[in-house]
Amino acid sequence: SLTTDSDVDADGWYAGGSFLVLPNVFVFGSYSDTSSEDFTGPLGAVTFNIDATSYNAGLGLRAPVTDFMDINVGAAWVHAESDTNASTGGSSSTSDDGYSVSAGVRSLLGKCLELNAGYNYVDLDDSQGSFDVGGLVHITSLISVSAAYRFGEDANAWTAGARLNF
């Protein structure tokens, strides 16, 4: 769920993955699709909704701090598209390419709980930074459930999901 500074709510889905290519080097990518609820524009007479899609692909490095904690950094190419539709029948579309850089820490607390926190910077048409906090509960060696919260300059989002480990 996504909430912006103007209290517009949106829902969507996300799929992402990463793959270790060397002991401390990984590739990653993701895709997301989000749609807003109808909201009233600044003049109050017209309602709008926004559909947004984004995807990225990148390379990351991880550095073990202890047997139970890693620091990770990454950089990615990012593509984002959005369509805005008005109740009057008008619409507009935008598309942009840019980059992101991120840094974070993750720590395994016991056999089943992993916590993580990090900072993400995305440079598209405008620049945005956000902080993430989250965790994973490892149900089995193959299946984990996750929850996270992202808070940034223009929007906040919470996520819940599942992860397959192989």
Side-chain angles (χ1 to χ4, degrees), residues 1-36 50-84 92-109 113-138 142-166:
S1 178
L2 174 73
T3 305
T4 66
D5 285 343
S6 57
D7 290 328
V8 176
D9 289 330
D11 292 307
W13 64 274
Y14 165 91
S18 63
F19 182 76
L20 202 57
V21 293
L22 294 171
N24 293 323
V25 178
F26 60 95
V27 293
F28 63 92
S30 68
Y31 178 89
S32 69
D33 192 299
T34 308
S35 295
S36 77
I50 299 172
D51 297 319
T53 301
S54 67
Y55 46 92
N56 69 35
L59 183 68
L61 303 171
R62 68 177 187 170
V65 176
T66 69
D67 289 341
F68 305 105
M69 183 182 294
D70 289 344
I71 292 175
N72 53 70
V73 295
W77 163 78
V78 178
H79 178 79
E81 301 173 3
S82 67
D83 296 317
T84 304
S92 68
S93 296
T94 61
S95 177
D96 199 9
D97 290 294
Y99 69 92
S100 70
V101 291
S102 61
V105 61
R106 68 180 194 165
S107 183
L108 187 61
L109 303 175
L113 180 63
E114 180 180 318
L115 299 178
N116 54 65
Y119 181 77
N120 297 291
Y121 174 82
V122 179
D123 190 329
L124 286 164
D125 186 29
D126 61 350
S127 304
Q128 265 188 52
S130 64
F131 291 95
D132 293 334
V133 293
L136 291 162
V137 175
H138 302 292
L142 295 175
I143 300 172
S144 304
V145 293
S146 65
Y149 184 69
R150 173 173 283 178
F151 50 100
E153 299 165 14
D154 295 330
N156 300 322
W158 60 266
T159 59
R163 183 171 95 174
L164 298 175
N165 305 297
F166 47 90

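The model shown is predicted, which means the values in this text are computed figures rather than measured ones.
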Item to complete: Looking only at non-hydrogen atoms, find the nearest pair between Thr94 and Ser82 and report the distance.
Response: OG1-OG, 2.7 Å
Worksheet item: Distance from Glu114 atom CD to Arg106 atom CZ, nearest 0.5 Å?
Response: 5.0 Å
Discussion item. Would you say that Arg163 contacts Ser146 through its side chain, given a criterion of any heavy-atom pair below 4.5 Å between the two side chains?
Written reply: no
Worksheet item: For the residue pair Asp97 and Leu124, what are the closest heavy atoms and their distance?
Response: C-CD2, 3.7 Å
Worksheet item: Between atom OG1 of Thr159 and atom CH2 of Trp13, what is the distance when rounded to the nearest 0.5 Å?
Response: 14.5 Å
Worksheet item: Do Gln128 and Asp123 come within less than 4.5 Å of each other through their side chains, counting heavy atoms only?
Response: no
Worksheet item: Just how far is it from atom CG of Asp83 to atom OG of Ser92, taken to the nearest 0.5 Å?
Response: 8.0 Å
Practice prompt. For residues Leu136 and Val145, determine if any side-chain heavy atom of one lies less than 4.5 Å from a side-chain heavy atom of the other.
Written response: no
Worksheet item: Taking all atoms of both residues into account, what is the closest heavy-atom pair of Phe28 and Gly74, and its distance?
Response: CE2-CA, 4.4 Å
Discussion item. As an exercise, state the distance from CG of Asn116 to CG of Leu108, rounded to the nearest 0.5 Å.
Written reply: 11.5 Å
Worksheet entry | Side chain proximity check, Asp11 to Thr34, heavy atoms < 4.5 angstrom | no
Worksheet item: Do Asn24 and Pro64 have side-chain heavy atoms sitting under 4.5 Å apart?
Response: yes
Worksheet item: Relative to the ring of Phe151, is the ring of Tyr149 parallel (under 30°), tilted (30 to 60°) or perpendicular (over 60°)?
Response: parallel
Fill in: Glu153 versus Gly129, closest heavy-atom pair with distance
OE2-N, 3.4 Å
Discussion item. With side chain to side chain donor-acceptor pair (under 3.5 Å) as the test, pick out the partner of Tyr121 among Ser100, Ser102, Ser127.
Written reply: Ser127
Worksheet item: Is it true that a side-chain atom of Asn56 and a backbone atom of Ser30 form a donor plus acceptor pair closer than 3.5 Å?
Response: yes
Practice prompt. Before giving the answer on side-chain contact (heavy atoms from CB on, under 4.5 Å), spell out for Leu164 and Leu142 the whole-Å C-alpha distance, their side-chain angles and the decisive distance to 0.1 Å.
Written response: CA-CA 6 Å; Leu164 298 175; Leu142 295 175; 5.8 Å; no
Discussion item. Under the criterion side-chain contact (heavy atoms from CB on, under 4.5 Å), I'd like the reasoning laid out for Asn165 against Ser144: C-alpha separation, chi angles, the key distance, then a yes or no.
Written reply: CA-CA 8 Å; Asn165 305 297; Ser144 304; 3.1 Å; yes
Discussion item. Please evaluate residues Met69 and Val105 with respect to the criterion side-chain contact (heavy atoms from CB on, under 4.5 Å), reporting the C-alpha separation (whole Å), side-chain torsions for both, the decisive distance (0.1 Å), and the verdict.
Written reply: CA-CA 7 Å; Met69 183 182 294; Val105 61; 3.7 Å; yes
Worksheet item: Hey, what do you get for CZ (Arg150) to CG (Asp132), rounding to the nearest 0.5 Å?
Response: 4.0 Å
Item to complete: Kindly assign one of parallel, tilted or perpendicular to the pair Tyr55 and Tyr31, based on the angle between their ring planes and the thresholds 30° and 60°.
Response: parallel
Worksheet, complete the sentence: Shortest non-hydrogen pair, Tyr14 vs Ser32, comes out as CD1-CB, 4.1 Å
Fill in: Over all atoms of both residues, closest heavy-atom pair of Ser95 and Glu81
OG-CG, 3.9 Å
Discussion item. I need the Ser54 OG to Asp96 CG distance, nearest 0.5 Å.
Written reply: 12.0 Å
